[in-house]
Amino acid sequence: MTLLKETYLLLWKDLLLELRRRESLLTMFFFGTLLLFVFHFSFDLAPDKVAEMAPGLLWLAFLFTGTLGLAQLFNAERENHCLDALLLSPLDRGALFLAKTAFNLILMLLVEIVVIPLFWILFNLNSWNLLPQIFLVSLLGTVGFCSLGTMMAAVTLRARARELLLPLVLFPLMIPVILATIRCMENILRMGEFGEALPWLRLLLGFDVIFLTLGVLLFDHVIES
Amino acid sequence: MLGPNGAGKTTLLRLLAGLIVPTLGSIRFDGVEFAPGNTGLRRKIGFLSPVDHLYENLTVAENLRFFAALYLRSRDAAIEENLAAVQLAARQSDYVANLSSGLKCRLSIAKWRLLQPELLLLDEPYGVLDGSGVDLLEDFLLAQCVRGGIVVIASHHVARVLRLCNRAVILHQGRVTFDETKRRPWPSFDRAFGEFLPHGDS
Amino acid sequence: MGAWGFVGLAYGIVWGIILLYLISLKRRYNSAQVELDALSSVEATDCDVKK
Amino acid sequence: MIEGGRPIKKRRGILGALALIAIAVGLYWGLVIAPPDAYQGQVQRIMYLHLPSILTAYLSYFLVFIGSGMYLWKREKRDDILAHSAAELGVLFTALTIIEGSIWGRPTWGVWWTWDARLTLTAILLLIYVGYLMLRSLIEDEDRAAAAAAVLGIIGFLDIPLIHMSVYWWRTLHQPPSILQPNKAPWENVHPSMLIALTISFVGFLLLYFYLLSLRYRFGEMRGEIKARRLARGG
């Protein structure tokens, strides 16, 4: 499948650039941790309330960290009009979409792998055995965020005040993911398994599938110069 | 392609390269219409512009390898050979950011020499090249034509370009005002182009 | 405020806003119309000049 | 390019007149003839505004979706103008829906705003399409703004069912629908003249909507024409 080969090629290029410039990963990681501290000070979290508030706080942190990543997603293409270079090439635009989505996904997952356990420590939660399910839900939510986020980053690419416009356009569309991930995490924390939140999980899966395919189909129209 | 600044040369080149969608009319290449979808056509088109379309933070070799994989889908592209041809073999692992604009232009030449497009569009290529760079570019363009490819150059270096090409098109305020194949002598061209020459040039 | 007060409030605000929008749209419409007529009349004089 | 100026203007005049008549009759019927609701009393009359405006809002978002899809497919300016006009009207009617909802909520629930599923959903729709209009205004290049807006128009519309589901699940899980909240469709056990009032005012809203749409569409066309001519002259 040339689509996947091209996606892999573009992803290799983006990851290599990220290793060289170290621009996005570290800023996103420290911003995520910073948000945890800010939340800790802004909410007087009584121990029992924390388990209930945890999903909301975590997802708020990932939402804003992810938006930072999205705002810089096409920076590499900004120098020397490299976006034109990609548009000139026989590249399938869907591959560009998948590569950029995967790139932001990898950055966010790296942040989440560190921030979630850190959250458990900082807010001294004891349900360590539940982490695998929490990571699964967080993964699904992040896939949804990155696919729709990459679309919106491309849609607002040539707009003025694009850093402000991106969250404004993206967040209302993200509400199904926000609600679904928080509901699933709450159920896991409270009852140790999905139970009641299964319909939410299906909604999350549906969202991911819909907007990944929609992205591949529509990206050609979004990104043309 | 000749014409004063703002005549629309670069816009026309970007249209031919398929970077912009025409609001009226259509662009055909070998009879095939340029639709945003068909990427097959783009393999045949090259665009060398003063904005070098290179990744600053990738090395010289990595840039070529990346574009070779993108265009030719082949792993074993003749990168060393092309770099040697533009005397950049020594700078293989330098970052493009550290290259001078002249060297970047040479790297672009190496890139298109490697990708061998059928149609090569050049936007003011002479701007930053030194003496040997210009010879190198012109040898490459001649080789491209010998190979059966087409070359379109938009430039102000009238003398050089006239010697090289066999057809001249003059653009003025977005309109093609002159389009003839070259012949000796060429009174109609001198008349048409006379008004754009800076005073003192013959 | 009695039930009728709320009904009156709702109807008043809604139809008020719709009216305001209609007026603003009409004004934008007319100014565009004037500008368009001006442009086309200028173009008409251009053609005469060229002829 | 602007074909048949005279007849379209005349037809729009008729449309406007018809809309005025239907609205007047609807108002009279809704406020005078129809009896007050057994449960909610007079306040229920706001429903004759609320339902038509939310339906016209949904109609607008559907038109934005169609206009956007057609624009991406055919790249014709008129589809883009249709999408833009429908979005502007969609935002207007959604804002009205929210205002009606909160005024209706005040006597019924005692608060101007509750996180009731329907109100929340309407507010989210308003945010999405205000974002759509902001996006359009912040991109200078005409064609790029149209393409970007078209994609947002499609994605926004396809997201509505997902948002609808998640907001309703979120709402029912949290606070079971209160007795007073009329989640059952108002026309189930309703006095026939109420039904008539509702349909008349709905027809009035629809006629008004298409009148405004054709006016805004024409304005969009003229603006495009002016820009094209100015470009041609200045070019």
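Letters A, B, ... are given to chains in the order of the sequence lines, protein chains preceding strands, and every chain is numbered from 1.
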If I compare all heavy atoms of [X] with all of [Y], which pair ends up nearest, and what's the gap?
| X | Y | answer |
| --- | --- | --- |
| C:Tyr11 | D:Tyr48 | OH-CB, 3.6 Å |
| D:Ile46 | C:Val7 | CG1-CA, 4.1 Å |
| C:Leu25 | D:Leu212 | CD2-O, 3.9 Å |

Worksheet entry | Sidechain-backbone polar pair: C:Tyr21 side chain, D:Leu89 backbone, donor-acceptor under 3.5 Å |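 Looks like no, no N/O pair under 3.5 Å.
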pair [X]-[Y]: side-chain heavy atoms closer than 4.5 Å:
| X | Y | result |
| --- | --- | --- |
| D:Met222 | C:Tyr29 | yes |
| D:Leu96 | C:Ile13 | no |
| D:Arg216 | C:Arg28 | yes |
| C:Trp4 | D:Val43 | no |

Worksheet item: Given that the side chain runs from C-beta out, which part of D:Leu27 has a heavy atom under 4.5 Å from chain C: side chain, backbone, both or neither?
Response: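 Only the side chain of D:Leu27 comes within 4.5 Å of chain C.
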Worksheet item: Measuring heavy-atom distances to chain C, does D:Ile99 have an atom under 4.5 Å in its side chain, in its backbone, in both, or in neither?
Response: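 For D:Ile99, the side chain is the part near chain C, not the backbone.
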Between atom [atom1] of [X] and atom [atom2] of [Y], what is the distance when rounded to the nearest 0.5 Å?
| X | Y | atom1 | atom2 | value |
| --- | --- | --- | --- | --- |
| D:Ile226 | C:Ser31 | CD1 | OG | 7.5 Å |
| C:Asn30 | D:Phe219 | CG | CZ | 10.5 Å |
| C:Trp15 | D:Leu49 | CH2 | CG | 6.5 Å |

Discussion item. Before you tell me yes or no, could you show the steps for C:Leu22 and D:Leu215 under side-chain contact (heavy atoms from CB on, under 4.5 Å), namely the whole-Å CA-CA distance, both residues' side-chain angles and the distance that decides it to 0.1 Å?
Written reply: CA-CA 9 Å; C:Leu22 182 60; D:Leu215 205 62; 4.2 Å; yes
Worksheet entry | Given D:Gln42, D:Arg106, D:Arg45, the one that forms side chain to side chain contact (heavy atoms under 4.5 Å, CB included) with C:Phe6 |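 Single side chain to side chain contact (heavy atoms under 4.5 Å, CB included) partner of C:Phe6 among D:Gln42, D:Arg106, D:Arg45: D:Arg106.
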Item to complete: Between chain C and each of D:Glu100, D:Arg223, D:Glu88, count heavy-atom pairs under 4.5 Å; write down the option with the most.
Response: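 Between D:Glu100, D:Arg223, D:Glu88, the count favours D:Glu88.
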